[in-house]
Structure formats: C-alpha cells, structure tokens
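Some notes on the structure that comes next.
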Amino acid sequence: MHTEVLAAPKRAAAPVTPTIGELEPIGVPSVHLSAGFWGDRQKLNAEAIIPHAVEWVDRLGWTANLAAARSGQPYTHRGREFADSEIYKLIEAMSWEVARGSTALEPVLDRFITLVEGAQDPDGYVQTLFGRPWQRPRYSDFKWGHELYCFGHLMQAAVAHHRATGSDRLLKVAIRLADHVCVMFGPDGLNQVCGHAEVELGLVELHRITGEQKYLDQAALFIERRGEGTLPLFEFGRAFWQDDMRVRDADVLRGHAVRALYLAAGAVDVAVESGDTELLDALELQWRNTVAKRTYITGGMGSHHMDEAFGEDFVLPPDRSYCETCAGVASIMFSWRLLLATGKVEYADLIERTLYNVVATSPAADGRSFFYANVLHQRVEHVPPPLNEDGVVIRGGASGRQPWFEVSCCPPNVARTLASIGCYIATHSASSLQIHQFASARITVDGWDVEMQTDYPADGRVTILVHSAPDGAGSLEFRVPSWAGTAVLSDRAGQRAVLPGYASAPVRDGDRLTIEFPLEVRVSYPDDRIDAVRDTVAFERGPEVYALESIDLPENGSIDDVRVYADSGRYDGTTVRVRVGQVGRERDRPWPFAAESVHIGAAAAEVPLVRYHEWAERGPSTMRVFLPALH
C-alpha cells in the first residue's frame with residue numbers, strides 16, 4: 001500500500017528546506033536575478049545549457065530508454081547505468097526555471113515527466129537497465145548499478161517539481177518509489193547501501209515535503225549502514241565509496257569525491273532532522289579538515305583522475321587536479337546544508353569560492369560545451385579526446401570544454417545549480433534577512449522587499465535598497481568575505497569599517513546601504529606541504545582566481561619557462577597584470593637531472609592574467625594558476 005501525499009507544512013520552493021536550523025532558505029520565485037554575473041548565467045542556462053542537454057539526452061536515446069521501458073517489449077538500453085539520473089536532474093533544472101516564471105521549457109518538462117510516469121513498475125520501482133526478463137535482475141550490482149542513486153535524483157526532481165508548480169504528478173511517482181525502497185531496504189529488508197550515495201538526499205526531502213517519518217528513518221538507516229563493509233573490496237579500497245568506516249567516525253572526506261560529498265550532504269540532512277548533534281559535529285569536523293588539507297585554491301575537490309577521488313592531505317597537484325564539476329556542485333550542497341544548520345560564515349565563503357571558480361568555469365560562454373574536470377595547469381594546447389561510437393567524449397579529463405560526455409553528470413548538475421542559484425543568495429530568520437552572496441537581485445520574502453545593485457565581482461561596491469522590512473523595520477545582515485580583510489559600510493548611522501564575518505545593520509523602510517569591498521590583487525602562497533606547487537604563487541582578486549594562458553605570452557614564449565615577480569600584480573581596470581621573466585636553459589638534453597645553469601632573461605614583460613573561469617575561451621592554449629615565483 002502506497003503512502004498518500006500528506007499535508008506537511010508549506011516550505012519554500014527551494015532544493016533544501018530543513019524543518020529546523022539557524023537560517024531559513026528563500027524560495028526560487030522570491031529571488032529575481034537581474035543582469036550581472038549570475039543573472040547572465042541563469043539566462044544562459046535557460047536559453048542554451050538546458051536545451052543543449054535536452055537535445056543530447058534525446059539524441060543518444062537516454063529518454064528513449066524510458067519510453068521503451070513503458071512498452072514492455074525488449075530493447076537495448078542506451079547510455080551508462082545511471083543515464084536515467086540525467087533526465088531527473090534536467091527535470092529538476094526545468095522545474096526551477098518554471099518556478100522563476102519561464103514557460104518555454106514547460107512542454108519538454110511535461111514530456112519528460114510523462115516518460116517517467118510510464119516507466120514505473122506497479123510496485124514503485126523505476127529503472128530502465130534492470131529487472132526485465134532480458135536484463136540483469138534488480139539489485140544485482142550494488143557496486144556499480146546506481147539504482148538507488150538514480151532513485152535519489154528522481155526524488156529530488158519530484159520535490160523540485162512539486163515545490164515549483166504545485167503539481168503532484170511526479171511526486172506521486174517518487175512516493176511510490178520511496179515506499180518501495182523502505183520495504184526493500186528497511187530494517188527487515190536487504191542490508192545494503194548503494195555504491196554511490198544520493199538516495200539519502202531524496203528521502204530526507206520527501207520526508208520534509210510529506211511529513212512521512214519512515215523516509216527519514218530509511219535515510220538514517222542508509223547513513224548508519226555505510227562503513228559496515230557491505231560493498232565488496234576492490235582495487236581502490238572500500239574508502240572509494242566511504243564504506244571503510246562509519247560516517248560519524250570519520251574526520252576527513254576520502255574516496256571518490258562526488259560520492260563522499262553527496263553522502264556528507266545527506267548525512268547533514270539526517271542529522272538536522274533527527275537532532276543528532278554528534279553526527280553534525282562529525283560532519284563539521286570533516287568539512288574543516290577537508291577544506292584545510294584537501295581542497296584546491298579554486299574550491300575544487302578531488303586530486304585523482306583514476307578514481308576521481310580525494311588524495312591524502314596536501315596531495316594537490318595542479319596538472320593532475322581532477323576537481324570534477326560535479327564535486328564542486330556537491331561541495332556547495334554540503335556547505336549550504338551546514339550553513340543553514342549553523343549560520344557559520346565559513347560555509348558561505350567556500351560556496352562563493354566554488355561558485356566562481358568551479359561552477360562558473362565549466363560551461364563555455366555559449367553554454368554548449370563544458371569542462372568535466374577542472375585542471376589548474378594545462379601542459380599541452382590540445383589533446384583530441386577519445387570518442388565513442390556516438391561521437392561522445394569517453395573520459396572527462398579532456399584538455400578543452402566538450403559538448404557532451406559518455407558520463408554526462410556534470411552539465412545537468414550545472415543546469416540545476418544555475419536554475420536554483422537564487423536560493424544561495426540570501427536566507428531569513430524572524431525579523432532578520434541575511435545576504436550571503438552578492439548579485440544584482442530583488443528579494444521579496446515575509447515582508448522583506450530588498451533590492452541589491454552591484455557589478456560584483458568586477459566592482460566591490462554593493463548597494464542595498466530596503467523598499468520594505470517586516471513591520472517597517474528589521475535587521476539586515478551581510479557577509480564580509482574572509483578574503484576582504486575589512487569592508488566599509490555606509491548607512492543612515494554613518495560610515496564604519498566592518499570585519500570578516502556577518503555584519504549587522506538595523507534598517508527600516510526606505511533605507512539605503514552601501515558596502516565597499518576592497519578588491520586589491522592578492523598574492524597567495526601555497527602551504528609548503530603541497531609539494532607540487534612549492535615556491536609558486538597564485539593571484540586572486542575578490543572571489544576570483546586568475547590564471548596565465550600561453551596565448552597572452554610574448555611571441556615564442558613558453559608557459560613552462562615563465563617565472564613571475566610575486567609583488568608585481570596590479571589591476572588595470574579590466575584584468576590583473578603581472579611582470580614575468582623567462583628562464584633560459586639547455587634544451588633536448590639526454591638526461592633531465594643533470595646540473596644546469598639557469599638564468600632569467602634580461603627583458604621582463606608585463607602580461608595579463610585571465611579569470612580562471614574564462615580560460616580556454618579563445619582557442620587552444622596552455623595554462624597555469626600557480627606560477628614559479630621570483631622575489
């Protein structure tokens with residue numbers, strides 16, 4: 001017997017809506033982004049990224065899998081075992097676009113939901129690769145099958161669609177599926193976990209939308225089972241899927257980066273809803289240690305290409321950085337949940353860094369090609385990637401953005417993130433409104449009507465107009481980023497310096513506040529335990545990391561020979577410029593470790609750096625973020 005849709009308390013039309021926590025999220029329809037860094041990208045998402053992704057999942061037959069499953073006739077499954085999940089992520093992305101008032105994608109959204117409805121079995125199971133007489137049996141491959149992983153994405157899509165539109169079409173599908181999961185994997189069912197965490201996130205959000213306790217209990221059960229060794233041992237070890245120790249016993253994230261971050265995000269959801277402070281404390285510790293020792297300057301996570309995994313502490317090679325785009329999205333999911341639970345500013349700081357230097361880096365300017373991995377040092381201009389029989393890139397670590405991948409988890413993940421990015425701008429609690437990210441936007445929620453005007457991050461001035469506050473007055477809080485040192489706040493009380501953290505200002509209807517963030521060029525020196533970048537520097541301005549591309553070097557210059565004057569960084573009104581010299585050395589010698597005489601060329605040149613998220617937009621080039629330093 002399937003659970004009916006229950007009358008749970010109305011929550012914001014947002015991806016994550018905890019029932020308790022320090023901060024309350026604001027729904028997608030309540031934050032209208034106008035032209036600017038994120039408003040432009042959200043428009044690109046609706047007009048190019050999502051249609052491009054829809055075209056590819058149709059072209060490759062991934063949507064046809066769902067149609068074929070409905071027919072009951074034998075068919076050849078197209079795509080990888082998790083192809084269904086990309087459909088679900090696109091449903092989520094399109095749902096948030098509809099919530100923002102867009103109608104252009106509604107016919108595609110309706111078509112996709114109809115396909116999912118038709119593919120569901122009578123007992124609630126939905127998967128196009130398993131369970132039919134000509135296919136492998138259900139639940140015969142917990143290691144790589146991704147069944148529960150796909151279920152989780154379907155549940156998240158259903159919640160998004162319901163919150164965005166009020167329709168319960170897909171929500172009914174998700175509830176039947178969740179009931180099936182609770183029967184099959186409950187205390188008296190299969191003692192298993194999925195090789196890729198994700199179902200936990202969907203189950204908790206279904207609990208929040210329906211009020212059904214068994215969904216939260218099942219998510220908690222999956223979290224507690226992780227680490228019992230239910231998944232088989234293989235070449236990368238059980239840590240690959242976080243099955244080597246209990247979640248609450250770990251002190252740092254390890255193994256496959258996306259798996260680890262999805263699991264951590266789901267565990268925060270469970271901890272918050274169940275009041276498990278021990279689990280929440282453990283997750284905060286894991287976040288701190290991972291950020292301090294296993295995270296790149298861009299916010300990227302994952303330093304292994306072979307297993308897409310975290311390395312050991314301080315193993316952060318720039319030329320082999322994996323930094324999968326999906327890991328960036330998952331990092332934001334983890335940090336956002338911790339921010340809502342605790343209100344601590346460091347989580348918003350990392351979200352900002354990751355948004356500007358991972359999420360914004362993946363899509364090309366036209367929204368029709370993407371980075372899967374995000375390296376920090378590109379040694380060769382272009383390596384044609386291997387393609388499968390459909391002309392799709394087989395592996396994600398290509399040297400340039402690619403239209404689509406055999407494993408195309410990243411483009412739909414970018415799409416759903418950009419569609420809902422307004423949710424990460426602000427939160428509210430009682431008579432207070434908190435601004436976490438800066439963008440030109442209008443925020444209207446619970447008596448607040450606030451307009452933010454800015455060219456951030458190109459310009460450090462943010463103006464906030466308080467059109468109205470609850471009962472005419474309230475408290476406006478805004479984040480001063482850790483990189484800023486100090487900022488200057490001007491309001492009706494005068495002008496004053498504010499330090500990193502959250503600054504608060506009492507406001508009333510009609511108030512105007514201005515915040516000035518210093519945007520001097522910063523030189524960043526890596527911890528000397530990061531062997532791969534010892535004696536190098538990187539340049540930052542505001543939340544953006546900069547890189548040197550070979551296309552900007554003097555004629556015949558090689559990026560391998562560049563040495564930078566560490567104190568030379570300056571902003572010229574458009575970009576950061578630095579002075580570099582060229583190393584002269586003997587070439588083509590038979591053994592690379594002989595003693596050599598190194599000298600710096602007599603002439604030093606000033607060259608521009610490019611914002612990391614803009615690199616590779618001008619054709620093939622070599623690139624590096626960390627530059628060997630001259631002092």
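Glu273 places no side-chain N or O within donor-acceptor distance of the main-chain N or O of Ala271, the cut-off being under 3.5 Å. For the pair Gln42 (side chain) and Leu418 (backbone), a donor-acceptor distance under 3.5 Å is present. The closest donor-acceptor contact from the side chain of His305 to the backbone of Ser321 lies under 3.5 Å. No donor-acceptor pair closer than 3.5 Å links the side chain of Arg248 to the backbone N or O of Ala282. Looking only at distances, no side-chain donor or acceptor of Asp121 sits under 3.5 Å from a matching main-chain atom of Gly124. Side chain of Ser331 to backbone of Ala327: no donor-acceptor contact under 3.5 angstrom is found. Judged by distance alone, with hydrogens and angles left aside, the side-chain atoms of Arg337 form no donor-acceptor pair with the main-chain N or O of Ala267 at under 3.5 Å. Using a distance-only test at 3.5 Å, with no hydrogens or angles considered, a donor-acceptor pair links the side chain of Asp243 to the main chain of Leu231. A distance-only check finds a donor-acceptor pair linking the side chain of Gln120 to the backbone of Val173 [under 3.5 Å]. With hydrogens and angles disregarded, a donor-acceptor distance shorter than 3.5 Å links the side chain of His162 to the backbone of Ser167.
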Run the side-chain contact (heavy atoms from CB on, under 4.5 Å) test on Asp269 and Arg208 for me, step by step, so that the C-alpha distance in whole Å, both residues' side-chain angles and the decisive distance to 0.1 Å come before the verdict.
CA-CA 10 Å; Asp269 284 337; Arg208 289 167 172 164; 3.3 Å; yes

Please walk me through it: do Leu109 and Ser95 pass side-chain contact (heavy atoms from CB on, under 4.5 Å)?
CA-CA 7 Å; Leu109 180 58; Ser95 295; 3.9 Å; yes

Please evaluate residues Val270 and Asp276 with respect to the criterion side-chain contact (heavy atoms from CB on, under 4.5 Å), reporting the C-alpha separation (whole Å), side-chain torsions for both, the decisive distance (0.1 Å), and the verdict.
CA-CA 8 Å; Val270 167; Asp276 191 337; 6.0 Å; no

Working note: Glu86 + Lys89, criterion salt bridge (charged side-chain N to carboxylate O under 4.0 Å, His left out); need CA distance, chi angles, decisive distance, verdict.
CA-CA 5 Å; Glu86 313 312 345; Lys89 280 183 273 187; 2.9 Å; yes

Cys409 vs Glu324, side-chain contact (heavy atoms from CB on, under 4.5 Å): CA-CA, chis, key distance, verdict:
CA-CA 10 Å; Cys409 47; Glu324 185 181 338; 3.5 Å; yes

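A salt bridge between Arg59 and Asp390 is absent, with no side-chain N of the basic residue lying under 4.0 Å from a carboxylate O of the acidic one. Using a 4.0 Å cut-off between a side-chain N of Lys or Arg and a carboxylate O of Asp or Glu, Arg138 and Glu147 do not qualify as a salt bridge. Arg100 has a carboxylate O that lies under 4.0 Å from a charged side-chain N of Glu97, or vice versa, which qualifies the two as a salt bridge. Salt bridge status for Arg70 with Glu117: absent, with no side-chain N to carboxylate O gap under 4.0 Å. With respect to Glu81 and Arg136, no salt bridge is recorded, no charged nitrogen being found less than 4.0 Å from a carboxylate O.
Across all non-hydrogen atoms, the minimal contact from Ala419 to Asn45 is N-ND2, 3.4 Å. Residues Gly299 and Val358 approach most closely at C-CG2, 4.2 Å, considering heavy atoms. Annotation for Gly39 and Leu33: closest pair CA-CB, 3.9 Å, computed over non-hydrogen atoms. Closest approach of Thr17 to Pro25, counting heavy atoms only: CA-CG, 4.1 Å. When all heavy atoms are compared, the tightest approach of Phe82 to Cys150 is CA-SG, 3.7 Å. Closest heavy-atom contact between Pro412 and Ser408: CD-O, 3.0 Å.
Note that CG of Leu283 and OG1 of Thr342 are 11.5 Å apart. Values are rounded to the nearest 0.5 Å. To the nearest 0.5 Å, atom CG of residue Leu154 and atom CD1 of residue Ile87 are 11.0 Å apart. Within the model, atoms CG of Leu206 and CG of Leu171 stand 6.5 Å from one another, a figure rounded to the nearest 0.5 Å. Atom-to-atom distance recorded for Arg226:CZ and Met245:CE is 13.5 Å, nearest 0.5 angstrom. To the nearest 0.5 Å, the span separating CG on Leu129 from CD on Gln135 amounts to 6.0 Å. With rounding to the nearest 0.5 angstrom, the CG atom of Leu216 is 9.0 Å from the CG atom of Leu203.
Aromatic pair Phe236/Phe234: ring centres closer than 6.0 Å. Between Trp38 and Tyr356, the distance from one ring center to the other falls under 6.0 angstrom.
Looking at Glu308 and Tyr372, their side chains do bring a donor and an acceptor atom within 3.5 Å of each other. For the residue pair Arg169 and Thr114, a side-chain donor N or O sits within less than 3.5 Å of a side-chain acceptor on the partner. Side-chain atoms of Tyr322 and Asn374 include no donor-acceptor pair closer than 3.5 Å. Between Arg353 and Thr295, the side chains place no donor N or O within less than 3.5 Å of an acceptor N or O (distance only, hydrogens not considered).
At a threshold of 4.5 Å between non-hydrogen side-chain atoms, the residues Glu284 and Tyr347 count as touching. Contact of the Thr230 side chain with the Phe142 side chain is not registered, since no non-hydrogen atoms from C-beta on lie closer than 4.5 Å. Leu105 is not listed as a side-chain neighbour of Val54, based on a closest heavy-atom distance of 4.5 Å or more. Counting heavy atoms from C-beta outward, Leu340 and Val16 have side chains that approach closer than 4.5 Å. Inter-residue side-chain proximity for Glu24 and Val445 is flagged as unmet; no heavy-atom pair is nearer than 4.5 Å. No side-chain heavy atom of Phe371 sits less than 4.5 Å from a side-chain heavy atom of His613. Counting heavy atoms from C-beta on, the side chains of Ile209 and Arg163 come closer than 4.5 Å. Using a 4.5 Å heavy-atom threshold, the side chains of Val392 and Leu387 count as separate.
Results of the ring pair (Phe, Tyr, Trp, His ring centres under 6.0 Å) test with Phe240 over His256, His196, His304 single out His256 as the only residue that passes.
Judged by the 6.0 Å and 45° rule, Arg41 forms a cation-pi pair with Phe37.
The aromatic rings of Phe370 and His52 lie tilted to each other, with the angle between the two planes from 30° to 60°. Ring orientation note: the planes of His146 and Trp144 are close to parallel, at an angle under 30° on the 30°/60° scale.
Applying the ring-ring contact (aromatic ring centres under 6.0 Å, His included) test to pairs two or more places apart or on separate chains, those with a residue in residues 84-129 are Tyr125-Tyr139, Tyr125-Phe151, Tyr125-His180.
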